[in-house]
Amino acid sequence: MPELPEVEVVRAGLAPAVTGARVEGVEVLDARSIARHDGDAAAFEAALVGRTLGAPERRGKFLWVPIRDGADALLAHLGMSGQVLVREPGAAPDRHTRIRLLLDQPVHGPIEIRFADQRIFGGLAVRPLVAADGGRAVPDQAAHISLDPIDADFDASVVARRLRRRRQGVKAALLDQTLVSGIGNIYADEALWRSRLHYATPGERLTQARALALLADVRDVLEQALAEGGTSFDAQYVNVNGQAGYFEHSLHAYGRGGQPCHRCGATMVREPWANRSSTRCPRCQRRPRGIAV
DNA sequence: ACGAGCACCTGACTGC
DNA sequence: TGCAGTCAGGTGCTCG
């Protein structure tokens, strides 16, 4: 469930299940899913069993659960295909389950949390919390990640100025998690469509007003997707109860190559971009003058 | 500074 | 039916 709205759906769903819960057991079924933990499966289990969890937090696509009475957190990244599922203990198995956590929740009683991941680009780790910008505690592996556009402390005018110092194309800049976090290939294409910008437009060509408008479009598309439960093309992208979101039906750009632009009717084009692909309207989002693609 | 390429993986789908 | 190739919503590294 990669991008910000999908991760936030998971965080919100996880909150009532894990907050105040005691970890009763941990089972690592595939050690590749704890590759970013500093230690083996036994060490990962020992770092969790007997501990009490706090309320889950998120920055961009990184999600973590603070461990109470300590300076560590259980960090999760979903990669391309990770899921966090909240189940009754002993519930029917979920495909690609890599890690199971057995919790005792004061209100709900026993709960099983499953980390499932087809491609294993994501994973769990217990990591130390460090001070990041704003003095907030974040896991060390997420310390380089900037604030995301729906964070209360996000300062669009500062980010717009940083964006405008970049020679690189705006899409690459939006995907740079150290500039602004939470955006992936879907929402980058959606925000660029809303802002009528070509992906290769250099950041330095934007006026402050144009950059601010782009960041507002980013925020709007993320918030709308979140309100609709995220984007689900297939069974990979689901909330903690295994349910799909609805934002797929609101997409204007991503996955719409060959279909008419919802604004002008021109045929949308899908182009290779940075070892992946990018979809845009050739009429609304023209290549900037003097920029080769 | 920045783009390109690659590595890490599985599985669904396409074309022959 | 099988097999090779392609593609997928991410991150992080090296190499120019």
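Quick caveat, the model's predicted, so the values are computed rather than measured. Order of the sequence lines fixes the chain letters, A, B, ..., with proteins taken first and strands second; residue numbering starts at 1 for each chain.
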Note to self: For the P atoms, the ones on C/dC3 and on B/dC9, what distance do you get once it is rounded to whole angstrom?
What the structure shows: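 Straight-line distance between the two P atoms is 24 Å.
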
Check residues 219-227 of chain A and write down every donor-acceptor pair under 3.5 Å in which the side-chain atom is one partner and the other belongs to a residue at least two apart or another chain.
{"unit_1": "A/Q224", "atom_1": "OE1", "unit_2": "A/R194", "atom_2": "NH2", "d": "2.8"}
{"unit_1": "A/Q224", "atom_1": "NE2", "unit_2": "A/E228", "atom_2": "OE2", "d": "3.0"}

Margin query: Once side-chain hydrogen bond (donor to acceptor under 3.5 Å, both in side chains) is applied, do any residues pair with A/D153, and if so which ones, sequence neighbours excluded?
Written below: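 Counting only residues at least two positions away or on another chain, A/D153 forms a side-chain hydrogen bond (donor to acceptor under 3.5 Å, both in side chains) with A/R136.
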
Check: Using Watson-Crick and G-U wobble pairs whose two distances are both under 3.5 Å, how do you write the pairing of DNA chain C as dot-bracket, with | for links to another strand?
Finding: .|||||||.|||||||

Item checked: A/F247: partners by ring pair (Phe, Tyr, Trp, His ring centres under 6.0 Å), with sequence neighbours left out ->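 Expected list: A/Y187.
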
Note to self: With rounding to the closest Å, how many angstrom separate the C1' atoms on B/dG3 and C/dA8?
What the structure shows: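 Approximately 22 Å lies between the C1' atom of B/dG3 and that of C/dA8.
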
Check: With no hydrogens and no angle check, do the side chains of A/R256 and A/H262 hold a donor and an acceptor under 3.5 Å apart?
Finding: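 Yes, A/H262 and A/R256 have a side-chain donor paired with an acceptor closer than 3.5 Å.
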
Notebook entry, point to check: By the rule that ILVMFWY residues connect when side-chain heavy atoms come within less than 4.5 angstrom, directly or transitively, which residues belong alongside A/M268?
Noted result: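 In the cluster with A/M268 are A/W193.
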
Item checked: Partner residues of A/K171 under the side-chain hydrogen bond (donor to acceptor under 3.5 Å, both in side chains) criterion, sequence neighbours left out ->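 For A/K171 the side-chain hydrogen bond (donor to acceptor under 3.5 Å, both in side chains) partners, ignoring immediate neighbours, are A/N185, A/D189, A/S278.
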
Item checked: Ion pair check, A/R280 and A/E271, cut-off under 4.0 Å ->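 Here A/R280 pairs with A/E271 in a salt bridge, since their nearest N and O are under 4.0 Å apart.
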
Item checked: Contact letters for nucleotides 4-11 of chain B, in which S counts primed atoms plus P, OP1 and OP2 and B counts the base, heavy atoms under 4.0 Å -> -BB-BBBS

Checklist line | C/dG9 and B/dC2, which share atom name P, separated by this distance in whole Å | finding: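 Approximately 24 Å lies between the P atom of B/dC2 and that of C/dG9.
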
Notebook entry, point to check: Whole Å only: how far is the CG atom of A/L163 from the C1' atom of B/dC2?
Noted result: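 For the pair A/L163 CG and B/dC2 C1', the rounded distance is 14 Å.
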
Item checked: Distance in Å, A/E24 CD paired with A/E112 CD, rounded so as to fall on 0.5 Å steps ->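 Between A/E24 CD and A/E112 CD, I get 13.0 Å after rounding to 0.5 Å.
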
Note to self: Taking only side-chain N and O atoms of A/R36, does any of them lie within less than 4.0 angstrom of OP1 or OP2 on C/dG12?
What the structure shows: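 Yes, within the criterion.
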
Item checked: Salt-bridge criterion met for A/R127 and A/D140 (N-O under 4.0 Å) ->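 Yes, this pair counts.
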
Notebook entry, point to check: Got a sec, which residues hit ring pair (Phe, Tyr, Trp, His ring centres under 6.0 Å) with A/F154, two or more places apart in sequence or on another chain?
Noted result: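 By the ring pair (Phe, Tyr, Trp, His ring centres under 6.0 Å) rule, A/F154 matches no residue at all.
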
Check: To the nearest angstrom, how far is A/D117 atom CG from C/dT11 atom C1'?
Finding: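 After rounding, the gap between these two atoms is 13 Å.
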
Next item on the list: Give me the residues of residues 185-194 of chain A where at least one heavy atom lies under 4.0 Å from an atom of DNA chain C, by number, or none.
Entry: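 A/N185, A/I186, in order of number.
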
Item checked: Any A/H144 side-chain nitrogen or oxygen under 4.0 Å from OP1 or OP2 of C/dT11 ->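 No.
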
Check: For A/C281, does its backbone N or O pair with a side-chain atom of A/Q285 as donor and acceptor, under 3.5 Å?
Finding: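 Yes, the answer is positive, given that a donor and an acceptor are paired below the 3.5 Å cut-off.
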
Name each donor-acceptor pair under 3.5 Å that joins a side chain in residues 60-80 of chain A to protein atoms two or more places apart or in another chain, with its distance.
{"unit_1": "A/K61", "atom_1": "NZ", "unit_2": "A/I183", "atom_2": "O", "d": "3.0"}
{"unit_1": "A/H77", "atom_1": "ND1", "unit_2": "A/G79", "atom_2": "N", "d": "2.9"}

Note to self: If I take atom OH in residue A/Y199 and atom C1' in nucleotide B/dG3, what distance separates them, rounded to the nearest angstrom?
What the structure shows: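 Those two atoms, OH and C1', are 13 Å apart.
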
Item checked: Members of residues 164-177 of chain A that approach DNA chain B, where some heavy atom sits under 4.0 Å away ->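 The stretch gives A/R166, A/R167, A/Q168, A/G169 as the residues lying under 4.0 Å from the strand, ordered by number.
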
Next item on the list: Apply salt bridge (charged side-chain N to carboxylate O under 4.0 Å, His left out) to A/R58 and list each qualifying residue two or more places apart in sequence or on a separate chain.
Entry: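 Once residues adjacent in sequence are excluded, the partners of A/R58 under the salt bridge (charged side-chain N to carboxylate O under 4.0 Å, His left out) criterion are A/E8, A/D148.
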
